[in-house]
Amino acid sequence: MTLLVITATGTGVGKTVVTAAVAALARAQGRRVAVFKPAQTGVGDDEPGDVDEVVRLAGPVTRRELARYPDPLSPATAARRAGMPPVRPPAMATAAGRLAEIHDLVLVEGAGGLLVRFDDRGGTLADAAWALGAPVLVVVPAGLGTLNATALTVEALRHRGIPCPGLVIGSWPREPDLAARCNLVDLPEVAGVPLLGVLPEGAGRLSREEFLTVARRGLAPELGGEFDAAAFTAQYAA
């Protein structure tokens, strides 16, 4: 796998931490890694963005952004408010493809959910993934309300003919409630794709060395780690 697009069911789910975890494991294997954030919103030119957070946690990777917009909104709206050109899916696909020519793994991190608009024509991360022929990993929350959003996201990918290798829970609570524990069984069932990882709450605050250990434990072999979904589910599921 040279290209992997990473999306989520919404904002604040743990997408950047999961991106960092995949990057950290790939770097530990000696792979050349690039992390591509087509449009970063909600930060100024001199402020650290999501790609900088990946570097802090995973170590040096090639960093690439196409645009930054100051307002913490969808890329299309933020671009319009800033009076700046939007980032369109063809440009996203072209940039990712060029990175793939000189890297072993390119991680493309979206903004918010799969169908968030990047431009005034309705272009989305899904359009870029389709153009690239790249699989899309979906990061999901653990608790109540996640099942519907997860099922809709995977259904949208399936409808577009975009492969989804699986799901990763971006932040597993220290004291999981009944809904979270039940969702370990229900999430792969309603989505029809496997659970490929669970990262603990607070993983983004760890040191780089600690984070690599957590990434290895929290992501499945398909993503470079050692996570065993069946064993984890047996430990927690209600």
Side-chain angles (χ1 to χ4, degrees), residues 4-26 33 35-43 48-59 61 72 74 107-116 125 135-154 157 164-177 179-181 183-184 186-188 191 193-208 210-220 222-227 229 232-233 236:
L4 179 64
V5 177
I6 301 178
T7 191
T9 55
T11 59
V13 176
K15 182 169 66 268
T16 299
V17 174
V18 171
T19 301
V22 177
L25 292 175
V33 181
V35 177
F36 174 37
K37 181 85 174 181
Q40 174 73 67
T41 65
V43 297
D50 291 342
V51 177
D52 300 293
E53 181 69 2
V54 171
V55 171
R56 185 184 69 80
L57 291 168
V61 300
S74 72
L107 303 174
V108 182
E109 182 183 334
L114 177 70
L115 300 184
V116 168
L125 184 68
V136 177
L137 183 71
V138 180
V139 182
V140 305
L144 191 66
T146 191
L147 297 178
N148 183 64
T150 299
L152 287 172
T153 299
V154 176
L157 289 169
C164 175
L167 315 172
V168 174
I169 294 175
S171 180
W172 183 254
R174 292 181 177 86
E175 297 183 4
D177 61 13
R181 291 183 286 120
N183 285 340
L184 290 172
D186 293 341
L187 275 166
V193 296
L195 182 64
L196 293 183
V198 177
L199 294 181
E201 179 183 354
R205 296 191 293 272
L206 298 174
S207 69
R208 189 175 293 173
E210 293 170 326
F211 185 74
L212 177 59
T213 298
V214 165
R216 186 169 286 117
R217 292 174 180 169
L219 294 183
E222 293 91 331
L223 299 174
E226 302 170 351
F227 175 76
F232 190 89
T233 299
Y236 286 103

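Start at 1 with the first residue, then count along the sequence.
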*Has the side chain of D177 got a donor or acceptor atom that lies under 3.5 Å from a matching backbone atom of A180?*
yes
*So, do V35 and V108 sit near enough that their side-chain heavy atoms are less than 4.5 Å apart?*
no
*Just by modelled atom types, is the V55 backbone N or O under 3.5 Å from a matching donor or acceptor in the R208 side chain?*
yes
*Spell out, as yes or no, whether a donor-acceptor pair under 3.5 Å connects the side chain of T146 to the backbone of P141.*
yes
_Approximate separation, where rounding is to 0.5 Å, of T19 OG1 and L107 CG_ = 6.5 Å
*Go through the steps for L4 and L223 under the test side chain to side chain contact (heavy atoms under 4.5 Å, CB included), then give the verdict.*
CA-CA 10 Å; L4 179 64; L223 299 174; 4.2 Å; yes
*Which pair of non-hydrogen atoms, one from V116 and one from S74, has the smallest distance, and what is that distance?*
CG1-CB, 3.7 Å
_Looking at R56 and G204, would you say the former's side chain and the latter's main chain have a donor-acceptor pair under 3.5 Å?_
yes
_Residue pair V136, L125: steps toward the side chain to side chain contact (heavy atoms under 4.5 Å, CB included) verdict_ = CA-CA 10 Å; V136 177; L125 184 68; 5.5 Å; no
*Could you pull out the closest heavy-atom pair between V198 and V168, with the gap in Å?*
N-CG1, 4.4 Å
*Nearest heavy-atom neighbours spanning I169 and A142*: CG2-CB, 3.8 Å
*Which heavy atom of N183 sits nearest a heavy atom of G143, and at what distance?*
ND2-O, 3.1 Å
*Is a side-chain N or O of E109 found less than 3.5 angstrom from the main chain of V51, in a donor-acceptor match?*
no
*So, T233 side chain and A229 main chain: donor-acceptor pair closer than 3.5 Å or not?*
yes
*Exam field: side chain K37 to backbone G110, donor-acceptor pair closer than 3.5 Å*: yes
*Atom CG of L184 and atom OH of Y236: how far apart are they, to the nearest 0.5 Å?*
9.0 Å
_Atom pair CD (E201) and CZ (R174), whose distance is rounded to the nearest 0.5 Å_ = 4.5 Å
_If you compare all heavy atoms of A58 against all heavy atoms of A20, which two are closest, and at what distance to 0.1 Å?_
CB-O, 3.5 Å
*Nearest atoms (heavy-atom pairs only) where T150 meets A191*: CG2-CB, 4.1 Å
_Ring-plane angle category for W172 and F232, please: parallel below 30°, perpendicular beyond 60°, tilted otherwise._
perpendicular
_Side chains of L187 and L147, heavy atoms from C-beta outward: is any pair under 4.5 Å?_
yes
